[in-house]
Each structure stands twice: as structure tokens, then as C-alpha cells.
Asker: 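Got a structure here, written out as C-alpha cells. Questions coming.
All values reported here derive from a predicted model rather than from experimental measurement.
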Amino acid sequence: TGEDSSNWQVPAFLLKTYEILNEAANEKIISWNPEGTAFTVKNPNEFSQIILPKYFKHNNFASFVRQLNMYDFHKAKENNNENCFWHPLFQRDAKHFLCGIKRKTAGSVAEPQELHQDSSKKSKTAGKDIQDLLGNLQAKHSHCLLYTSPSPRDLSTSRMPSSA
């Protein structure tokens, strides 16, 4: 189809973070919430000393959080834990959604008046916005499903894009 392969490539930071969360050995330090819609860094010191150097070229928790912010992750208050983060497309057992997460650009930063919108209006529309986003992602990035987590049946019938 001549489609640019960068449209379905997932940034290494997101893949590594997803891998960290799915590694059972890390559960006492970092884990998904029960719903799989957010994750919590339970022990930032151990996370910095043990996990970050295994996956990244640094051991700085603040740098990890800054990267999360650059990909538009948000802090969530779960059990009064300040180190809980979420993104609507970063979910347990949904690795194929990762290709829809893009790094924020200067044009994607909210205008000051947008930051002061009525929070009740935002909360009422948040659920619909997430559903719309997921629907749009599926429509625009359906090819991600083939490249991130194919089923055995998909493997026998799918074709990888040619490098023309």
C-alpha cells in the first residue's frame, strides 16, 4: 500500500514501560491497577535503583515521569498513591493500542483557556471522548493489530508490508 511504516511503530519508551509492567518479577515495585487501566510505581526508590537501569540508560525517577508526561500520561489518585499514571491507550492486554500514543508536540499543548474549562463538563464528556478515541484508533490504526499481537490464524493469512 506504500504506507509509511512510522505510522505503526511504537516508541521504545512505551514498549519498555509496557514490558516492565508485564514482568511478574516487578509486581512488588510497579504494577497495573486491578482494572488494567493505570499503573502504580509502589516504591520509587527501588524502581529507580533496580528497574530503570535494566531498561533505560538512567536511574532517575523524575526523568521517567517527565517521559510519561511527554506522551500525555496523567497522574491518577489510586489509594492515595501519588505515583499512579494512566493514558487511555495504555492498558493491560491491549498492546496493540500503543501505536496510537504519540509524543506531545508544541501544537498539541492546551491553550490557557482550555486549561480552565469547567471540570464537571470535562468529567461528563471524558467517557465519551475515550470511546471516540478508541473507535478512531481502531479505524485509523487497524493495521497495528497485525503487527503487534497477531493470533496464530492471523500469522498464516497476513502479509507484512513490503519495503518498496
Side-chain angles (χ1 to χ4, degrees), residues 1-27 29-42 44 46-48 50-76 78 83-110 126-164:
T1 60
E3 191 168 351
D4 182 4
S5 64
S6 65
N7 288 335
W8 53 266
Q9 290 180 341
V10 177
F13 173 78
L14 297 173
L15 287 172
K16 289 177 183 181
T17 303
Y18 200 83
E19 185 179 332
I20 289 168
L21 282 157
N22 290 312
E23 180 65 46
N26 298 333
E27 282 184 9
I29 300 170
I30 182 173
S31 67
W32 292 104
N33 68 353
E35 299 81 17
T37 57
F39 67 91
T40 301
V41 179
K42 300 172 186 176
E46 283 187 48
F47 182 74
S48 296
I50 298 169
I51 296 174
L52 283 179
K54 270 202 236 175
Y55 293 87
F56 301 102
K57 295 177 183 176
H58 67 84
N59 64 349
N60 188 326
F61 184 66
S63 294
F64 177 77
V65 172
R66 197 169 9 239
Q67 280 282 90
L68 290 173
N69 290 333
M70 291 174 81
Y71 285 98
D72 208 22
F73 279 72
H74 303 279
K75 278 196 164 193
E78 289 232 350
N83 296 311
C84 183
F85 303 94
W86 69 277
H87 186 288
L89 299 176
F90 193 86
Q91 300 178 18
R92 181 179 55 222
D93 301 325
K95 189 175 182 181
H96 53 279
F97 286 160
L98 295 181
C99 65
I101 302 175
K102 303 296 179 201
R103 203 170 159 136
K104 285 197 265 185
T105 62
S108 67
V109 177
K128 183 181 181 323
D129 290 346
I130 290 172
Q131 290 302 317
D132 289 348
L133 182 63
L134 292 174
N136 288 339
L137 175 71
Q138 187 171 9
K140 291 179 183 175
H141 300 286
S142 60
H143 56 276
C144 293
L145 298 173
L146 294 175
Y147 306 119
T148 58
S149 58
S151 69
R153 184 179 55 113
D154 291 337
L155 288 173
S156 65
T157 60
S158 68
R159 300 269 189 271
M160 293 299 286
S162 61
S163 54

Asker: What are the two closest heavy atoms between Cys84 and Ala38, and how far apart are they?
Answerer: SG-CB, 3.9 Å

Asker: As an exercise, state the distance from CD1 of Ile30 to CD1 of Ile20, rounded to the nearest 0.5 Å.
Answerer: 6.0 Å

Asker: Using every non-hydrogen atom in the two residues, find where Arg92 and Glu35 come nearest and quote the distance to one decimal.
Answerer: NH2-C, 3.4 Å

Asker: Determine the minimum heavy-atom distance between Lys102 and Gln9, stating which atoms define it.
Answerer: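 So the two residues come closest at NZ-O, 4.4 Å.
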
Asker: Do Phe90 and Phe97 make a side-chain contact, defined as non-hydrogen atoms from C-beta onward lying under 4.5 Å apart?
Answerer: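 Phe90 vs Phe97: side chains apart.
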
Asker: Between Tyr18 and Phe13 (side chain of the first, backbone of the second, donor and acceptor by atom type, cut-off under 3.5 Å), is there such a pair?
Answerer: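 No, because the side chain of Tyr18 does not come within donor-acceptor range (under 3.5 Å) of the backbone of Phe13.
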
Asker: Do you know which two heavy atoms are closest between Asn83 and Lys75, and how far apart they sit?
Answerer: OD1-NZ, 4.4 Å

Asker: For the residue pair Phe85 and Val41, what are the closest heavy atoms and their distance?
Answerer: CE1-CG2, 4.4 Å

Asker: Got a second to check how far Gln67's CD is from His58's NE2, nearest 0.5 Å?
Answerer: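 Taking CD in Gln67 and NE2 in His58, the distance rounds to 7.0 Å.
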
Asker: Output, in order, the C-alpha distance, side-chain angles, deciding distance and verdict of side chain to side chain contact (heavy atoms under 4.5 Å, CB included) for Tyr55 and Asn26.
Answerer: CA-CA 12 Å; Tyr55 293 87; Asn26 298 333; 4.0 Å; yes

Asker: What do the steps show when you test Phe47 against Ile29 for side chain to side chain contact (heavy atoms under 4.5 Å, CB included), and what is the final call?
Answerer: CA-CA 6 Å; Phe47 182 74; Ile29 300 170; 3.7 Å; yes

Asker: Run Leu68 and Phe39 through side chain to side chain contact (heavy atoms under 4.5 Å, CB included) and show every step you take.
Answerer: CA-CA 12 Å; Leu68 290 173; Phe39 67 91; 3.9 Å; yes

Asker: Please round to the nearest 0.5 Å and tell me the distance separating atom CG of Leu21 and atom OG1 of Thr40.
Answerer: 9.5 Å

Asker: Rounded at 0.5 Å granularity, tell me how far CG in Leu14 sits from CD in Glu19.
Answerer: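 These two atoms lie 12.5 Å from each other.
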
Asker: Atom CG of Leu98 and atom CD of Gln91: how far apart are they, to the nearest 0.5 Å?
Answerer: 10.0 Å

Asker: What's the verdict on side chain to side chain contact (heavy atoms under 4.5 Å, CB included) for Asn60 and Leu52, showing C-alpha distance, side-chain angles and the deciding distance?
Answerer: CA-CA 8 Å; Asn60 188 326; Leu52 283 179; 5.6 Å; no

Asker: For the atom pair CG (Asp72) and CZ (Arg103), what is the distance rounded to the nearest 0.5 Å?
Answerer: 12.5 Å

